[in-house]
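Okay, structure first, notes after.
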There are 2 protein chains.
Amino acid sequence: MADGVDAIQEGWRRERPDFPVESIGVITRIWRLAQWFSDDRRRTLRALDTDPSTLDLLSTLRRSGEPYAMTPAELAEASLISAGAISQRVAKAERAGWVHTERGASGKRTSRVRLTEAGLWLNEQLVGDLLAHEQTLVEHLSPGERAQLTELLRKLLAGLG
Amino acid sequence: MADGVDAIQEGWRRERPDFPVESIGVITRIWRLAQWFSDDRRRTLRALDTDPSTLDLLSTLRRSGEPYAMTPAELAEASLISAGAISQRVAKAERAGWVHTERGASGKRTSRVRLTEAGLWLNEQLVGDLLAHEQTLVEHLSPGERAQLTELLRKLLAGLG
DNA sequence: TCCCAGTTGTTTAGACCTAAACTCTTCCGC
DNA sequence: GCGGAAGAGTTTAGGTCTAAACAACTGGGA
């Protein structure tokens, strides 16, 4: 039961038997899984006229709880992307009407990005559907395997710093 | 021992206790690990004046064995990226002197991309160093855990089709 | 032999990201 | 108060990808 990643490992073992190829089995599979899940999400969301970046923005605001408002700096930290990318995501979501930027009193530099009613409603729909769908994607593994995998991933991630 | 992914899960559990959040623990961690490994590789390669796309191209050719030559279509299939992206990767690597495109007899449409001596040499250095480095990244896990993780990832990937 | 549909490769338009430059505000220390 | 450094947000340049348009060869059937 071999997959494309085994083929890569075997290629290197054949060509350079002295190279340590064990990490490929973990890291390359993680890359492929990430790509697969990303593509799947992009396809699903495109059919609903949105995209993963916008969903991530709305979900971050939603998860923060009432009043569903955060500063750009907070959003950047929570989303693990640059502040510049947040500006662009917010501009796009604002054009679509999902969020509204509240600027401080005249000329203030600070601002807060807040979910609109429409944005809140959209997010509830999308997240509910997506989580249900993604649950089915991991159910090829038994409950025990899922728990084991979760723990191993957590440990690997924690070990990286 | 909680990480940022647990915070996301707890956020949803608090805001929407009816949503099935188990998949987040697997999928989001896979995304974060993929991002971490990608960033790490990009940083490492930038210090050596290259980038992951170029390394992937050279490695695919190298792994194919003598004479280290493939057509663009074969490269696209092996690399899991579009043919257009291959054109651009090849153009860049050719400018740097790592590969050479051999076109068929006058006016032929077919072509083969071949590693140059310099490209072969560069690849040996980079892959040797990277694999040694990446081995250290997974050694926070015991040998048994690494084997278990590899199997679970393989099974999850296979289950996606 | 000729035609045209399919295949192969390249180019271009459009996304989205990062990094860095830039603008404006805030606030510390004198 | 004042001046300038630090902080916050936006804009822009550059890079890489996909999707789609485009260009050019190939090969089977009339």
Side-chain angles (χ1 to χ4, degrees), chain A residues 31-32 34-36 38-47 49-58 60 69-96 99-114, chain B residues 31-32 34-36 38-47 49-58 60 69-96 99-114:
Chain A
W31 274 329
R32 295 212 173 176
Q35 179 95 46
W36 201 98
S38 291
D39 288 350
D40 184 68
R41 211 175 239 211
R42 185 177 12 246
R43 270 193 306 275
T44 305
L45 291 175
R46 169 154 4 156
D49 262 320
T50 350
D51 57 272
S53 311
T54 300
L55 178 69
D56 187 41
L57 174 64
L58 305 189
T60 302
M70 297 171 72
T71 66
E74 290 167 344
L75 286 168
E77 191 194 343
S79 305
L80 304 178
I81 64 174
S82 66
I86 289 290
S87 277
Q88 296 175 55
R89 286 185 178 186
V90 169
K92 181 175 179 180
E94 191 149 23
R95 282 196 298 276
V99 302
H100 177 66
T101 300
E102 307 174 331
R103 294 202 164 62
S106 68
K108 282 275 166 46
R109 193 69 182 157
T110 59
S111 67
R112 292 180 76 76
V113 180
R114 178 199 290 266
Chain B
W31 274 329
R32 295 213 173 175
Q35 179 95 44
W36 201 98
S38 291
D39 288 350
D40 184 66
R41 209 174 242 213
R42 179 150 24 87
R43 269 194 305 275
T44 304
L45 291 175
R46 170 157 359 159
D49 262 320
T50 349
D51 57 271
S53 312
T54 300
L55 177 69
D56 186 42
L57 174 65
L58 305 190
T60 302
M70 298 170 73
T71 66
E74 291 166 344
L75 286 168
E77 192 194 343
S79 305
L80 304 179
I81 63 174
S82 67
I86 289 290
S87 278
Q88 297 175 56
R89 286 185 178 186
V90 169
K92 181 175 180 181
E94 190 150 23
R95 281 197 299 277
V99 302
H100 178 65
T101 300
E102 308 174 331
R103 295 201 164 62
S106 68
K108 282 276 166 43
R109 191 72 183 155
T110 59
S111 67
R112 293 180 75 76
V113 180
R114 178 198 288 266

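Chain letters run A, B, ... following the sequence lines, proteins first, then strands; residues in each count from 1.
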Rounded to whole angstroms, how far apart are NZ on K92(A) and P on dT10(D)? 17 Å

Does anything in residues 72-87 of chain B reach DNA chain D, meaning a heavy atom under 4.0 Å, and if so which residues? I81(B), S82(B), A85(B)

Expressed in angstrom and rounded to an integer, what is the separation of Q88(A) atom CD from dT11(D) atom C1'? 8 Å

Using whole Å, report how far CD of E102(B) lies from P of dG9(C). 14 Å

Given dC17(D), is OP1 or OP2 found less than 4.0 Å from the side-chain N or O atoms of S53(B)? yes

Can you list every pair that meets side-chain hydrogen bond (donor to acceptor under 3.5 Å, both in side chains) and has a residue in residues 82-96 of chain B, with sequence neighbours left out? D51(B)-K92(B), D56(B)-R89(B), E94(B)-T101(B)

Could I get the full list of side-chain contact (heavy atoms from CB on, under 4.5 Å) partners for W36(A), not counting sequence neighbours? D40(A), L137(A), L160(B)

For R46(A) and dG14(C), what is the distance between atoms CZ and P respectively, to the nearest whole Å? 15 Å

Between CD1 on residue I86(A) and CG on residue L57(A), distance to nearest 0.5 Å: 6.5 Å

In whole angstroms, the gap separating C1' of dC17(D) from CD of Q35(A) amounts to 10 Å

Given atom CG of L57(B) and atom P of dG9(C), what is their separation to the nearest angstrom? 14 Å

Just to verify, what does D39(A) make a salt bridge (charged side-chain N to carboxylate O under 4.0 Å, His left out) with, not counting sequence neighbours? R42(A)

To the nearest Å, give me how far apart CZ (R89(B)) and P (dT11(C)) are. 17 Å

The side-chain contact (heavy atoms from CB on, under 4.5 Å) partners of R114(B) (sequence neighbours excluded) come to P67(B), A69(B), E102(B)

Of the candidate nucleotides dT12(C), dG9(D), dT12(D), which contains the atom at the shortest distance from the side chain of S111(A)? dG9(D)

List the residues meeting side-chain contact (heavy atoms from CB on, under 4.5 Å) with E77(B), not counting sequence neighbours, and say none if there are none. none

To the nearest angstrom, how far is R42(A) atom CZ from dC16(C) atom P? 10 Å

